[in-house]
Amino acid sequence: IASVSYIFLHGAPLYHGLNSTQRYAFPYGPMGFLPYALALRVLGAQVFSLKLVVLLANLFLLVLLWDSYRRVVAPSHALLAGVGVLAYCLLSGNYVLQVRGDILVLLSVAVGLFAVLNDSALVSAVLFSVAWAFAFDIKVTALFYLLPLFVLLIRRHGWWLAALSAAGSA
């Protein structure tokens, strides 16, 4: 991700044509690279720029999870659940600390959860639409991560709002 983001920043195409001799293969869509390319442009081509994106994504993830959990359980239980998710992420692999699209997908799921639990129907629709579009643009299979949350969006806010959100993400 870091290499492709860097060469994209310097004018190389993100995706090559099928008849091009220069190719690289990766399972990520453009949003897996663009946040890192933006950080490289703003902060310079250094590892710190890339790791800052990862750090901010992790911090936003924890804040969104804390707020989402706090909406449905007591603050002490929300803290316990947040620590549990953090421990699971750290123990199951170090992908949340690497420059990859996975942390951005996880952040998209947290935005989706936050959207579903939001009291405002319009805010829920817009946030869920953004989360779904962002997740899809990172990795196509990330849509499956958001399907249970889409069902919760339907149950909480109705079919009309869910259809509006789905249409908005397209």
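Because only heavy atoms are used, hydrogens play no part in the values below, and waters and symmetry mates are left out as well, while side chains stay in. Not measured: the values here are computed from a predicted model.
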Heavy-atom closest pair (S124 atom, H157 atom, distance to 0.1 Å) is OG-NE2, 3.1 Å
Rounded to the nearest 0.5 angstrom, the CG-CZ distance for L43 and F48 is 6.5 Å
Here the gap from I103 atom CD1 to L106 atom CG, rounded to the nearest 0.5 Å, amounts to 5.0 Å
| query | Quick one: are S49 and V42 in side-chain contact, heavy atoms under 4.5 Å? | reply | no
Correct closest heavy-atom pair for V123 and N118 would be CG1-ND2, 3.3 Å
If you group Ile, Leu, Val, Met, Phe, Trp and Tyr by side-chain heavy-atom gaps below 4.5 Å, do L143 and M31 land in one group?
yes
Quiz item: How about S108 and I138: do any of their side-chain heavy atoms sit closer than 4.5 Å?
Solution: yes
Original post:
Less than 4.5 Å apart, any side-chain heavy atom of L65 and any of L86?
Top reply: no
Apart from V83 itself, members of its ILVMFWY cluster (side-chain separation under 4.5 Å) are W66, L79
Heavy atoms of L107 and A57 approach each other most closely as CD1-O, 3.8 Å
Non-hydrogen side-chain atoms of K139 and D102 separated by less than 4.5 Å
yes
Is atom OH of Y6 surrounded by more than 12 heavy atoms (other residues, nucleotides or ligands) closer than 6.0 Å?
no
Using a 6.0 Å cut-off, check whether atom CZ of R71 has over 12 heavy atoms from anything other than its own residue.
yes
*asked:* Please tell me whether F128 and W132 form a close aromatic pair, meaning their ring centres lie under 6.0 Å apart.
replied: yes
Flag the pair R156 / D119 as yes when at least one side-chain heavy-atom distance between them is below 4.5 Å, and no otherwise.
-> yes
Margin query: What verdict does the side-chain contact (heavy atoms from CB on, under 4.5 Å) test give for S165 and L153, after you've listed the backbone C-alpha separation in whole Å, the side-chain angles of each residue and the deciding distance to 0.1 Å?
Written below: CA-CA 9 Å; S165 179; L153 183 70; 4.1 Å; yes
### Query
Is a side-chain N or O of S169 found less than 3.5 angstrom from the main chain of S129, in a donor-acceptor match?
no
Inset, instruction - Just do the side-chain contact (heavy atoms from CB on, under 4.5 Å) check on L149 and V109 with the steps written out, would you? - result: CA-CA 8 Å; L149 295 176; V109 172; 4.0 Å; yes
dist L38:CG -> F33:CZ (nearest 0.5 Å) comes out at 15.0 Å
To the nearest 0.5 Å, atom CG of L152 lies from atom CG of L117 at 8.0 Å
Next item on the list: Assess whether atom OH of Y69 is packed by more than 12 heavy atoms of other residues, nucleotides or ligands within 6.0 Å.
Entry: yes
Transitively linked via ILVMFWY side-chain contacts under 4.5 Å: L122 with W159? no
Interatomic distance, OG@S68 vs CG@L113, rounded to 0.5 Å, equals 4.0 Å
- Y36 versus V54: any side-chain heavy-atom pair under 4.5 Å? yes
inquiry  = Tell me whether L164 shares a hydrophobic cluster with V116, the cluster being built from Ile, Leu, Val, Met, Phe, Trp, Tyr side chains joined at under 4.5 Å.
reply    = no
Margin query: When you group the ILVMFWY residues by side-chain heavy-atom contacts below 4.5 Å and let the links chain together, are F144 and F136 in the same group?
Written below: yes
Would a hydrophobic clustering, with Ile, Leu, Val, Met, Phe, Trp and Tyr connected at side-chain separations under 4.5 Å, put L127 with V151? no
Closest non-hydrogen contact found for V53 with A39 is CG2-CB, 3.3 Å
What one should report as the nearest heavy-atom pair of K51 and Q98 is NZ-CA, 4.2 Å
(request) Could you go through the side-chain contact (heavy atoms from CB on, under 4.5 Å) check for S5 and L40 one step at a time? (result) CA-CA 8 Å; S5 297; L40 289 172; 4.1 Å; yes
**Report entry** Test item: V111 and L64 side chains (from C-beta on) under 4.5 Å apart, heavy atoms
**Finding:** yes
Heavy-atom nearest pair, L146 first then A131, reads CD1-O, 3.8 Å
Q. With side chains defined as the heavy atoms from C-beta onward, is the minimum distance between L59 and L55 less than 4.5 Å?
A. yes
